[in-house]
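Working notes for the structure below.
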Amino acid sequence: MAAANPMQAIRIIREEHQSLAAVLHGLLYLVREIRKHQLRPDFELLGAMVYYIDTFPERLHHPKEDAWLFRLLRLRHPPAHTLLDRLESEHRSGAARLKQMEQALVRFQQGGRGEFAVFAASVEAFVLAERNHMRSEETEVLPLAQKYLTASDWAEIDAAFLDNNDPLLGHAAREDFRALFRRIVNLAPPPIGVGPAHA
Ligand SMILES: [Fe+2]
Ligand SMILES: [Fe+2]
C-alpha cells in the first residue's frame with residue numbers, strides 16, 4: 001500500500017544533504033581558520049565532524065540511496081544507468097576519500113603541524129566531491145525519480161528513509177550529535193549558522 005504522504009524520501013534526502021553540507025562547511029571553515037590564523041586545532045571538534053560523516057552519511061545515507069532509490073530508478077528508467085553508475089562509483093570513491101581524511105587527521109593530531117597540509121588537502125578534496133555528488137543527486141536523480149517511479153516504489157523508498165533518522169536532526173537526535181550540531185551552527189557564518197560573517 002502506498003504511504004499516505006508519498007515521496008517523503010525526497011524531503012528526507014534533502015534534509016540529510018543539508019546536515020552533511022553544514023558539517024562539510026564546518027570542516028572547511030576550521031581548516032581555513034587553522035591555515036589563516038595558525039590556530040591551535042580543535043581536534044575534538046574535527047574528530048566529531050569526521051565521526052559524524054562516517055556514522056551517518058557514509059554508513060546509512062549513501063547505502064540507502066544505492067539500495068532503494070537508485071535500484072528502483074534503474075528498473076523504471078534504464079537511460080539513467082550511466083548517471084547512476086557514476087553516482088554509485090562516487091559512493092565508493094567517497095568512502096576511500098573519507099578513510100584518507102580520517103588517517104590524515106590522526107597523522108595531523110599525532111605528528112603536528114608538518115602533517116597539516118595533507119589533512120587540509122584531504123578535507124578540500126572530500127568536500128568538493130561530496131558537494132558535487134549531492135548536487136547531481138538533487139538536480140538530476142530526484143527529478144527523474146519524481147517522474148518515473150511508481151507509488152509502490154515510493155512506499156518502499158519512503159519506508160527505508162523514514163527508518164533511519166539522521167542523528168543530527170529531529171527528536172531522535174543523539175545528545176552527542178546535538179552538541180556537535182550546536183558547535184557547527186555557532187562556527188558557521190550565516191545562512192548556515194549564527195557565527196560571525198566572514199568576507
Ligand atoms: Fe549519495
Ligand atoms: Fe545523497
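Order of appearance sets the numbers: ligands from 1, and atoms from 1 within every ligand. Any value given below was found using the heavy atoms of this structure, including those in side chains, with hydrogens, waters and symmetry copies removed.
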| query | Are any N, O or S atoms from H133 nearer to the Fe ion (ligand 2) than 2.8 Å? | reply | no
So that I can check it, does any N, O or S atom in E16 come closer than 2.8 Å to the Fe ion (ligand 2)?
no
**4.5 Å side-chain heavy-atom contact, Y52 and P57** = yes
Among N, O or S atoms, E137 approaches the Fe ion (ligand 1) most closely through OE2
Would you say the Fe ion (ligand 2) has H61 as a near neighbour, meaning an N/O/S atom of that residue under 2.8 Å away?
yes
In H62, the N/O/S atom nearest the Fe ion (ligand 1) carries the name ND1
**Q.** E65 near the Fe ion (ligand 1): N/O/S under 2.8 Å
**A.** yes
Assign the ring pair H77 / Y148 to parallel, tilted or perpendicular, where the plane angle (0 to 90°) is split at 30° and 60°. parallel
So do the side chains of S136 and R86 get within less than 4.5 Å of each other, counting heavy atoms only? yes
Sorted by chain and residue number, the side-chain hydrogen bond (donor to acceptor under 3.5 Å, both in side chains) partners of R135 (sequence neighbours excluded) come out as N132
| query | Does the ring of F116 carry R113 above it, NZ/CZ under 6.0 angstrom from centre and within 45° of its axis? | reply | yes
